[in-house]
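I have placed the structure first, in the form of structure tokens, so that the comments after it can refer back to it.
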Amino acid sequence: MERRWFSGGNAFELAPTAWQAAVATEPDERERRLAAIAGQSMQVLFRPAIPPNLVERGTLPLPGLPIVSERGRVLFRTALKLKQHNADVLAGHLLGLLESRGLAAHPLDWMPDDRSPFVPDVYLPLAAWVAGRAVQGPAELTADTWGDFLPAARRSALSAIRANDPARALALMTEKIVDEPAEVRAGLLDVLDVGLSDLDAPLLEKLLSDRSGKVRAQVKRRLARLGRVDVSEYDAGLAKSYIREGRAGIFRRRLQFEPLPIKEGAETAARDAFFRGMTLAIVARTMGSEDIPFLQHWKWNSDSECDHALVRLVERTGSQAAVDALGNILLADDGELARFVWTIVPRLPLEMVRRWQERSIDDDKQSYWGPLYGDLRVYGWMPAERVLSSRAFKDVVKACRNDASDLSSPIEGALMLVSLLASAEAATRALVELEAAGMSPTEPYAVIMRLNATLTDLQ
């Protein structure tokens, strides 16, 4: 009957006898009634059979925070579609902004990956639902129930146990971590960062022979922070091939360590490989110093590539005291050193992270994307006066006035950065100024600022 209609013909003679008896005798009305009966049959009577492997799920749970408003949901979904360098990083920024206001994304707008060990705690009920499991609390995690937990829930439970009973958390990890996939093993090692001590060394040394290179690299970082990684005297002696000790100041009395000049190419690659294979403590000791004094006496801004290699070395192998000291050095510099802070942001105290963010919005526009490559850690806090007076915001306003229909990539980075950092009041006031400057109503990267401003009445 359907094919007959599609070809422009009548289908009365093809209809079942009962249908023919139920319709009128006038041809046009007869075909209309047949179409109505056929449509009802297709939608109601002839439904697909339930597949035999269909799994019935329980009621979809909600996250552990209130859901963002309907208007916020629309903006959140739109923001997720931005052409940003990494979709997972973008989602992390947006979720962080919502959580800073005590809100969560709607499950139909964003659903966590149940296999990931890095799901935020407020979305653990959803991750459990995706995996078809029940949500469990930290107190229930034991060696017997270990397999009942999703990777993210297990990591969260271990973190809670680690904060209150480090010995129990260490015992659980020692017994169970070797049976997990490589990605999960690497993620669980982050739990040890809280209160890392020599008591954790036996487990770490056991994992030095792990089959995963990623896990071995994570283990070496933590052993280096404990001073447990050793290298040959020959390798350590290479430090003097790349670093020299000198004196600075008018009277040449101030100790100074500086990178030796090298040629581009093979020598640069060899120096980078040296720093990747060393630890901060060993390099400092080879040069006759300790870790923090070595950083304080380093001649910064003489070789940018070597500076960055040293910063990465501190992030991987430095103690927390060394990381804090480095953070203060970089943030106190009037030049370009503050750009390297994003490398050590995961290990910095929040007060220093805020200082770094304030520096970032006053940097030149070519580096506005830099802080957005990873986790900003703190979202939606910066006062309106600080945001509106920043170089990043002024660059956006200037670009809107010059050509409101097309913002360049650096300006898009500036707009995204201030949108994620601004307080609700700052976002509202910023939108007013940007619209007055002629910003296009359809500007894609303004959606995050609009989302931020929408959250004002939901705090």
Side-chain angles (χ1 to χ4, degrees), residues 190 192-198 200 218 220-231 236 239-240 242-249 253-260 271-272 274-360 362-363 367 370-371 374-378:
D190 291 342
L192 298 179
D193 289 344
V194 177
L196 183 68
S197 71
D198 288 334
D200 305 314
Q218 294 284 354
K220 288 178 180 178
R221 289 186 178 194
R222 287 160 179 85
L223 284 173
R225 295 169 194 173
L226 295 174
R228 295 289 190 115
V229 173
D230 196 9
V231 294
K240 295 183 179 180
Y242 304 116
I243 304 168
R244 66 185 171 196
E245 179 184 330
R247 296 287 169 176
R253 292 180 178 177
R254 189 176 76 249
L255 178 64
Q256 181 174 265
F257 299 104
E258 62 179 324
L260 285 166
R271 185 179 65 182
D272 289 344
F274 165 76
F275 275 107
R276 287 196 300 269
M278 288 292 108
T279 72
L280 174 63
I282 291 174
V283 170
R285 187 167 63 245
T286 303
M287 299 304 300
S289 181
E290 298 295 329
D291 52 1
I292 295 178
F294 178 76
L295 297 173
Q296 292 171 337
H297 293 131
W298 180 260
K299 185 180 180 181
W300 298 97
N301 289 314
S302 62
D303 185 326
S304 180
E305 291 187 6
C306 192
D307 286 348
H308 200 190
L310 180 57
V311 171
R312 292 194 297 265
L313 179 70
V314 175
E315 190 279 330
R316 289 195 310 271
T317 68
S319 64
Q320 188 58 50
V323 171
D324 293 349
L326 177 61
N328 283 317
I329 291 170
L330 299 181
L331 289 170
D333 183 73
D334 294 330
E336 300 182 352
L337 287 182
R339 297 184 185 182
F340 297 145
V341 176
W342 68 270
T343 304
I344 58 174
V345 160
R347 298 191 60 192
L348 289 178
L350 292 183
E351 177 274 330
M352 204 173 291
V353 172
R354 287 189 173 93
R355 286 171 53 196
W356 163 68
Q357 291 178 349
E358 289 188 309
R359 285 288 301 271
S360 297
D362 282 326
D363 206 343
S367 63
D375 185 4
L376 290 172
R377 291 191 63 192
V378 190

### Query
Which pairs pass side-chain hydrogen bond (donor to acceptor under 3.5 Å, both in side chains) with one or both residues in residues 340-353, sequence neighbours excluded?
His308-Thr343
### Heavy-atom side-chain contact between Phe294 and Ile243 under 4.5 Å
yes
### Chi angles and distances behind the side-chain contact (heavy atoms from CB on, under 4.5 Å) call for Asp375, Val345
CA-CA 8 Å; Asp375 185 4; Val345 160; over 6 Å; no
### Query
Who passes salt bridge (charged side-chain N to carboxylate O under 4.0 Å, His left out) against Glu336, sequence neighbours left out?
none
### Query
Who pairs with Asp333 by salt bridge (charged side-chain N to carboxylate O under 4.0 Å, His left out), at least two apart in sequence or on another chain?
none
### Task
Please list, chain by chain and in numerical order, all residues satisfying side chain to side chain contact (heavy atoms under 4.5 Å, CB included) with Asp198, sequence neighbours excluded.
Leu226, Arg228
#### Entry: Of all pairs that satisfy side-chain hydrogen bond (donor to acceptor under 3.5 Å, both in side chains), the ones with a partner from residues 313-323, not counting sequence neighbours
Arg221-Glu315, Gln320-Asp324
### Task
Drop me the distance from Leu255's CG to Glu245's CD, to the nearest 0.5 angstrom.
5.0 Å
### Message
Suppose we screen for side chain to side chain donor-acceptor pair (under 3.5 Å). Which residues come up paired with Asp272, at least two apart in sequence or across chains?
### Response
none
#### Entry: Donor-acceptor contact below 3.5 Å, side chain Arg354 vs main chain Val378
no
### Query
What pairs with Asp200 under salt bridge (charged side-chain N to carboxylate O under 4.0 Å, His left out), at least two apart in sequence or on another chain?
Arg162
### Query
Of the options Val353, Leu348, Leu326, which is the one that meets Val341 in a side-chain contact (heavy atoms from CB on, under 4.5 Å)?
Leu348
### Task
Name all residues meeting the side chain to side chain contact (heavy atoms under 4.5 Å, CB included) criterion together with Gln256; count only those two or more places apart in sequence or in a different chain, and write none if there are none.
Ala248, Arg254, Glu258, Lys299
### Query
Between Trp300 and Leu330, is there a donor-acceptor pair closer than 3.5 Å when you use the side chain of the first and the backbone of the second?
no
### Query
Sequence neighbours excluded, which residues qualify as side chain to side chain contact (heavy atoms under 4.5 Å, CB included) partners of Asp303?
Pro259, Arg271, Glu305, Cys306
### Query
Does Leu260 have any side chain to side chain contact (heavy atoms under 4.5 Å, CB included) partners at least two apart in sequence or in another chain, and if so, which?
Arg244
### Summary
Contacts of Phe274 meeting ring-ring contact (aromatic ring centres under 6.0 Å, His included) (sequence neighbours excluded), chain-then-number -> Tyr242
### Task
Would you indicate whether the side-chain heavy atoms of Val283 and Leu310 approach each other to under 4.5 Å?
no
